[in-house]
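Structure, as structure tokens:
Heavy-atom basis, side chains included; hydrogens, waters and symmetry copies ignored.
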Amino acid sequence: MDEFDRQAARCVFVGIQGRTPTQPELDLIRRGAGGVILFARNVSDPIQVAELSRALKAAAPGPLLVCIDHEGGRVQRLRPPHWTAWPSMRRIGELDQQGGVAGMNGTAIAETLGKMIAEELSACGIDLDFAPVLDVDTNPRNPVIGDRSFSRDPRRVARLGVALAQALEGAGVASCGKHFPGHGDTSQDSHMTLPRLAHDPARLWEVELVPFVAAARAGLASMMTAHIRFEAFDLLPATLSPMTLGLLRKDVGFKGCCISDDLEMRAISETWGVPDAAELAIDAGCDAVLVCHTLQHQHDSIDAIGRGARSGPMPRERLLEASTRLATLQKFARPATAIDPAAAPKSCNTEEHRRFAAQLMESVAQVGRQADPTERRV
């Protein structure tokens, strides 16, 4: 393995299939994958998740980020009875609009929520939460965002999203604002097809981009791209668009790590294929790509990125830049020796956490009945 392969592997975040890693999956981790994303299929209880995190990290040749989508509401991989059921972000936005609850305004609620989420994730060895959603809820027909967003008001989304993200990071878990440059006004699901938005730049700067500018100014650790074609910027989807990702760096001013959404979603895979998309995404300006389901796609994506930098057309400096940003993000990666599976349950679904969640939600049971759109295997 040469330096190009090592850098390329760090830029690929992978999923595994079960609650314990198989030998081929461990071989992939030993190749140097930068992170592992956990889904419901990987989860049973806090001890098991902590043991899984520890096993994955022990196999890695360097720092490994264990990641998860844990937003609250529909999208939370860790659920009762072992973990706390958190409200949707729409609920936090509503409480903020109403003036707060129990002597706390919406910003304080978001900060407390972020801290408590981080406590449960950290106990299980999880380093990076793909949250908060920074999309603005402007389209009531949106099939994939909806109540995952804080509000229809972009400034409320910005304030609450930054508060939650900073609280996560203050408690040792990296945040990831998503989905740049904004998934809130689509009427299609990028898991299934490639949505398009025809808003002009003025509208995007007034609405969609407001929370991302706030996140950039706050210095958050990472952001995730949207598989959406923003026709004001480019005919390519944002994940593959040098123009759109250039906007993130130059105009929005983001200096952290840029991570793609899952490349196995049909918005990308049906047109570009996963390995080619991985190379295109890194070349366009992503620093890491998610390949969540298929072992062969994961290996092939590492190969494609390394080959692109070694032989062209990807500039070698681009892969080095991406790998360097990943190394900075991996400072959140706790070592295997820092994870204590036996102690994990003590920090999860505590009485304090349940009491706080109950103050925020009318019915905790609603969370279990709602479909999680991000669990879809496509």
Side-chain H-bond candidate by donor/acceptor type, [X] with [Y], under 3.5 Å:
| X | Y | value |
| --- | --- | --- |
| D135 | H179 | yes |
| T138 | R152 | no |
| E264 | T294 | yes |
| H227 | R266 | no |
| R334 | S122 | yes |

Should the pair [X]-[Y] be classified as a salt bridge under the 4.0 Å nitrogen-to-oxygen rule?
| X | Y | value |
| --- | --- | --- |
| R355 | E352 | no |
| E51 | R54 | no |
| D69 | K178 | yes |
| R19 | D45 | no |
| R156 | D96 | yes |
| R318 | D283 | no |
| D147 | R90 | no |
| K115 | E111 | no |
| E351 | R354 | no |

May I ask you to decide if [Y]'s main-chain N or O and [X]'s side chain share a donor-acceptor pair within less than 3.5 Å?
| X | Y | value |
| --- | --- | --- |
| R325 | S222 | no |
| S53 | V49 | yes |
| D262 | C292 | yes |
| R217 | F212 | no |
| S260 | L290 | yes |
| Q330 | P63 | yes |
| R316 | A309 | yes |
| E71 | V133 | no |
| D127 | V66 | yes |
| E25 | Q17 | yes |

Run the side chain to side chain contact (heavy atoms under 4.5 Å, CB included) check on E279 and R307 step by step: do they pass? CA-CA 9 Å; E279 179 188 355; R307 185 171 57 246; 5.6 Å; no
Please say yes or no: joined through hydrophobic side-chain contacts below 4.5 Å, possibly via intermediate residues, are [X] and [Y] part of one cluster?
| X | Y | result |
| --- | --- | --- |
| M314 | M243 | no |
| V274 | V289 | yes |
| L220 | L248 | no |
| V162 | F180 | no |

Assess the residue pair L128 and I259 against the criterion (side chain to side chain contact (heavy atoms under 4.5 Å, CB included)); give the C-alpha distance rounded to whole Å, side-chain angles, the decisive distance to 0.1 Å, and a yes or no. CA-CA 12 Å; L128 169 58; I259 305 171; 4.1 Å; yes
Checking side chain to side chain donor-acceptor pair (under 3.5 Å) between D5 and each of R310, R31, R10, which is the one that passes?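 Filter result, single survivor: R310.
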Do the rings of W86 and H353 sit parallel, tilted or perpendicular, given the 30° and 60° boundaries?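 Ring orientation, 0 to 90° scale: tilted.
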Between E94 and R91, is a salt bridge (Lys or Arg N to Asp or Glu O under 4.0 Å) present by the stated rule, with each step listed? CA-CA 5 Å; E94 290 170 347; R91 179 66 177 156; 3.8 Å; yes
Can you tell me how far [atom2] of [Y] sits from [atom1] of [X], rounded to the nearest 0.5 angstrom?
| X | Y | atom1 | atom2 | answer |
| --- | --- | --- | --- | --- |
| R77 | I126 | CZ | CD1 | 10.5 Å |
| N349 | T84 | CG | OG1 | 4.0 Å |
| L263 | T225 | CG | OG1 | 8.0 Å |
| E119 | L168 | CD | CG | 11.0 Å |
| Q296 | S301 | CD | OG | 9.5 Å |
| M265 | T239 | CE | OG1 | 8.0 Å |

I29/V14 under side chain to side chain contact (heavy atoms under 4.5 Å, CB included): CA gap, chis, key distance, verdict: CA-CA 9 Å; I29 301 305; V14 303; 4.2 Å; yes
May I have the step-by-step check of salt bridge (Lys or Arg N to Asp or Glu O under 4.0 Å) for D27 and R30, ending in yes or no? CA-CA 5 Å; D27 290 341; R30 293 188 185 102; 3.0 Å; yes
Member of C258, C257, C11 meeting the side chain to side chain contact (heavy atoms under 4.5 Å, CB included) criterion with C286: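 Looking at C258, C257, C11, the match for C286 under the side chain to side chain contact (heavy atoms under 4.5 Å, CB included) is C258.
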Using the side chain to side chain donor-acceptor pair (under 3.5 Å) rule, take S347 and E120 through it: C-alpha gap first, then chi angles, then the decisive distance, then the call. CA-CA 6 Å; S347 298; E120 300 199 6; over 6 Å; no
Apply the test side chain to side chain donor-acceptor pair (under 3.5 Å) to residues S149 and D137: give CA-CA distance (whole Å), side-chain angles for both, the deciding distance (0.1 Å), then the verdict. CA-CA 6 Å; S149 168; D137 183 24; 5.2 Å; no
Determine, step by step, whether N42 and I16 satisfy the side chain to side chain contact (heavy atoms under 4.5 Å, CB included) criterion, reporting the C-alpha distance in whole Å, the side-chain angles of both residues, the deciding distance to 0.1 Å, and the verdict. CA-CA 8 Å; N42 308 124; I16 63 172; 3.6 Å; yes
Near-ring test H293/F39, centroid separation under 6.0 angstrom: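 Under 6.0 Å, so yes.
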Between T107 and R159, does the side chain to side chain donor-acceptor pair (under 3.5 Å) criterion hold? Intermediate values first, please. CA-CA 7 Å; T107 303; R159 177 167 49 81; 2.9 Å; yes
